[in-house]
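Step one of this worksheet: look at the structure below.
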Number of protein chains: 4
Amino acid sequence: MKPTITPRKQPKQARSQAMVETILAAATRVLTTRGYARTNTNAVAEEADISVGSLYQYFPNKDAIIAALHQRHAQQMRDLIRQTLADLNHTRPSLKSAMQQLIQAWMQAHQLAPELHHILESDTPVFAQPNSNDKAEEQIVFNEVTQFLHHYQSELPPTALPLTTYLVIKTIESLVHAIVIDPPEGLSPQALEEGILAMVMGYLHRANR
Amino acid sequence: MKPTITPRKQPKQARSQAMVETILAAATRVLTTRGYARTNTNAVAEEADISVGSLYQYFPNKDAIIAALHQRHAQQMRDLIRQTLADLNHTRPSLKSAMQQLIQAWMQAHQLAPELHHILESDTPVFAQPNSNDKAEEQIVFNEVTQFLHHYQSELPPTALPLTTYLVIKTIESLVHAIVIDPPEGLSPQALEEGILAMVMGYLHRANR
Amino acid sequence: MKPTITPRKQPKQARSQAMVETILAAATRVLTTRGYARTNTNAVAEEADISVGSLYQYFPNKDAIIAALHQRHAQQMRDLIRQTLADLNHTRPSLKSAMQQLIQAWMQAHQLAPELHHILESDTPVFAQPNSNDKAEEQIVFNEVTQFLHHYQSELPPTALPLTTYLVIKTIESLVHAIVIDPPEGLSPQALEEGILAMVMGYLHRANR
Amino acid sequence: MKPTITPRKQPKQARSQAMVETILAAATRVLTTRGYARTNTNAVAEEADISVGSLYQYFPNKDAIIAALHQRHAQQMRDLIRQTLADLNHTRPSLKSAMQQLIQAWMQAHQLAPELHHILESDTPVFAQPNSNDKAEEQIVFNEVTQFLHHYQSELPPTALPLTTYLVIKTIESLVHAIVIDPPEGLSPQALEEGILAMVMGYLHRANR
DNA sequence: TATGAATGAGTCTTCATTCAT
DNA sequence: TATGAATGAAGACTCATTCAT
């Protein structure tokens, strides 16, 4: 029923790519200023200083814009995480230090564009399931974390790694999200970050008890 | 700018109360079937087998219906959690057992109406901040958990209780949410539940190490 | 097409009459406070502290209420004018003095309920033509003024009396209306009233020149 | 509270201007045929043979259309009056002849679109006060008449000119309005027009007595 | 390729009126 | 007779999308 939400043209040419960026930037501004309900294609086009017609040259419909925004933002966050994971694979610090860096990376990822992130998570409808590309990317991060934890396997309790990975990722992700979106009063960012680390390390080291 | 979101009539009389229930039930059905974007007041009225006019006798506008749904659902979830907390305060089992029961309660709470929960969390715009009543209720649960943990203080590391409470609640809540909304393939519910418990217990007992 | 706009029951009984008055008073308040567009039957009923159903016992539809208001107000104004005419017929002062008193009467008539008058004249649709009763009443005033002027015929130029009457009435009525509804800045009420008198007297005495 | 009433686009381009004219013409037809209460935007759009959407491209809301109609009509009337005043300033006829021509101009002005005029005056709510532009235009006519009367000052009684102007304008305007909107039976237009002239001349020449 | 005027289906919301109690 | 909950037709307005230029 709902038409595709993937970009109409693969922006291979620099010109198109620039246009897409312009539109997404405009959409970000409109979205964060007015919220999803008041965001409409005409406003985005105007903000991008192009005509609606041109906008539809690059996106098949309104939701495709939001989807692209979502995707781009998620990609940027993932890139940051993956970069950190790559670094850790080189430096190979202690598990605790590694976890600390990972948590910090996640924190930074959430702070790339906190307003947009907030709106995308809370004010914007989900369009179908995250598409297969997203799923795949998500899986890559999952695999990389699994691999990464594998290096520390000797320190870990003999739980199946996938479960460990899943819980570690979700815990970090969720707690960071909660802290950034709705910072609890009376608890310092510092203490919260240490708390997350304690949570994850407590889990990873529980077997030693 | 946006008008009130609170119910138009305090449904004190049984009749009114029934009407409100009828409308919310219909709204739930429409919302979970079509999603927020395709949910409109006429459809809700039709589903409830009443006229739009009647609907507007009980709710000042469309969003007030969603808000009421949100509130009612959150209330039901909270009630279940608080009931469990009350029970635990009587039985006072071991910390581990208590946590296990608490996690199970949270799981049940999420399964009261998983579809509605999903839609409300992902497809529905936030209407301003959760209202003060919600905030207050949230705080009550927080306080009860704090108090509850207080009984086990001797077992816990000397961290400030509010931070501990915050992290425990958010962790349970987030992980349960993730598991219920998007169950990871290859990991059994059983294992996941144990994993959550391990996560929380690892955190709470980390000091003993 | 539009149903009748005359009161459903001739309020012969005191009880009914009182009810009608209550409703009209409430309608006046609502109308002057909110304007016609925002005046609705439910609001009037509420203001009158009765149920809508009861309201419809006394008026067949919304416009009948406005019509009745119009009629009652016009009647009160006419009564005041006619009273003055009757007085003048007794005292029989000079033409000039008579005209002065007549103008003052018209002024008072417009100030019986200036707000209601304003709304009725400017914000309220006309319902069909003024009904036959109105027409008749209007005619009576016209006749009385004609008769009254007849007494001063010797002073007047030999114009057909109906024309004279028409112009005198319309001139007084219109100027008083204009002054009351939208008082011109920089001109004192006193001066304006004298101006109207000068206008009418200039006209009536023009023949002597 | 009520949003603007001024046209959405300044119809600078010929195309837009034509569209605005089309809409106003359609609105005139609908308004005079059905009356204000039964005039709705969809009907106007249909009558204009355009879509509602297009209508809203040129007018921000329903009342803005009525307001524009009002304004355009008033402008046309004023133009006619002002043209006559300009002519009189050239020819400089006798006061009586001048007044006669002025009255006739006012008569013509009222007959530009008598039906529309009637509806606009009696069936249409006032939208706030006439806007500042209207006020200003009104003032211009007032000033022009004042200036015009100034040329005949020697013939006039020593009344302050503003008062004289106000009364002359209002009298002509009101009587012409009354005659055109609801012509009295038994009185010929000819006689009525002469009557108005006599009224105004009687007033202006009263001092000589 | 870009433009942006035009389209019109779709929604929310109001309120005069009815009628079962 | 009074009540007031229920009705649902009607209408203002938005905005995603198209297409002639």
Side-chain angles (χ1 to χ4, degrees), chain A residues 2-3 9 13 15-16 19 37-46 49-65, chain B residues 3 8-9 13 15-16 18-19 37-46 48-65, chain C residues 2-3 9 13 15-16 19 37-46 49-65, chain D residues 3 8-9 13 15-16 18-19 37-46 48-65:
Chain A
K2 280 236 169 171
K9 43 168 79 170
Q13 294 131 8
R15 185 126 157 267
S16 297
M19 194 83 248
R38 292 180 185 278
T39 292
N40 60 280
T41 52
N42 289 290
V44 171
E46 193 173 353
D49 214 38
I50 59 171
S51 68
V52 227
S54 294
L55 189 154
Y56 274 86
Q57 207 93 56
Y58 295 93
F59 294 93
N61 56 53
K62 180 191 177 182
D63 288 345
I65 302 174
Chain B
R8 201 166 250 178
K9 301 188 175 183
Q13 295 127 8
R15 184 119 161 268
S16 297
M19 191 86 248
R38 294 186 183 281
T39 294
N40 63 280
T41 51
N42 290 293
V44 172
E46 195 172 351
D49 212 39
I50 59 170
S51 69
V52 228
S54 294
L55 188 155
Y56 275 88
Q57 205 118 59
Y58 295 92
F59 295 93
N61 55 53
K62 178 190 175 183
D63 287 347
I65 303 174
Chain C
K2 279 233 170 173
K9 42 167 81 170
Q13 296 132 6
R15 185 126 157 267
S16 298
M19 193 84 246
R38 293 181 185 277
T39 293
N40 61 281
T41 50
N42 289 290
V44 172
E46 194 173 354
D49 214 39
I50 60 171
S51 68
V52 228
S54 294
L55 188 153
Y56 274 86
Q57 206 93 57
Y58 295 93
F59 294 93
N61 56 52
K62 180 192 176 183
D63 287 346
I65 302 173
Chain D
R8 200 164 250 179
K9 300 188 174 183
Q13 295 129 8
R15 183 117 162 269
S16 296
M19 191 86 247
R38 294 186 185 280
T39 293
N40 61 279
T41 51
N42 291 293
V44 172
E46 195 173 352
D49 212 39
I50 59 172
S51 69
V52 226
S54 293
L55 188 154
Y56 276 89
Q57 204 119 59
Y58 294 93
F59 295 93
N61 55 53
K62 180 190 174 183
D63 287 346
I65 303 174

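The chains referred to below are lettered A, B, ... by the order of the sequence lines, with proteins before strands, and numbering in each begins at 1. Just so we're clear, the structure is a prediction, and the values are computed from it rather than from any experiment.
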Of K62(A) and D49(C), the one whose nearest nucleotide on DNA chain F sits closer to the 5' end is D49(C)

Walking DNA chain F from its 5' end, the first of G53(C) and V52(B) to be reached, judged by nearest nucleotide, is G53(C)

Base, sugar-phosphate, or nothing for N40(A), non-hydrogen atoms under 4.0 angstrom?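 It contacts sugar-phosphate atoms only.
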
May I have the distance from [X] (atom [atom1]) to [N] (atom [atom2]), rounded to whole angstrom?
X	N	atom1	atom2	result
L55(D)	dC15(F)	CG	P	17 Å
I65(D)	dG11(F)	CD1	P	14 Å
F59(B)	dT11(E)	CZ	P	20 Å
N42(A)	dG4(E)	CG	C1'	9 Å
Y56(A)	dA16(F)	OH	C1'	4 Å
D63(C)	dT17(E)	CG	P	8 Å
M19(B)	dA5(F)	CE	C1'	10 Å
R38(B)	dC12(E)	CZ	C1'	17 Å

Check the phosphate of [N] against [X], side-chain N and O only, distance under 4.0 Å to OP1 or OP2. Yes or no?
X	N	answer
S51(B)	dG8(F)	no
S54(A)	dT3(E)	yes
T41(A)	dA16(F)	yes

Problem set entry | Partner nucleotide, any strand, of dT11(E) [Watson-Crick/G-U, under 3.5 Å] |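 The base-pairing partner of dT11(E), which may sit in any strand shown, is dA12(F).
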
| query | Under a 3.5 Å cut-off for both distances, is dT21(E) Watson-Crick or wobble paired, and to whom? | reply |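 By the stated definition (distances under 3.5 Å), dA2(F) pairs with dT21(E).
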
Candidates [options] - which lies nearest the side chain of [X]:
X	options	result
I50(C)	dA6(E), dT17(F), dT3(F)	dT3(F)
Q57(D)	dT13(E), dA6(E), dA2(E)	dA6(E)
Y58(D)	dA5(E), dT13(E), dC13(F)	dA5(E)

All heavy atoms of I50(B) vs all of S54(B), minimum pair found to be CD1-CB, 4.0 Å

Residue pair Y56(D) / K62(D): nearest heavy atoms and the distance that separates them: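 Closest pair (atom of Y56(D), atom of K62(D), distance): OH-N, 4.4 Å.
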
**Request:** Check whether any side-chain heavy atom of I65(D) lies under 4.5 Å from a side-chain heavy atom of L55(D), and answer yes or no.
**Result:** yes

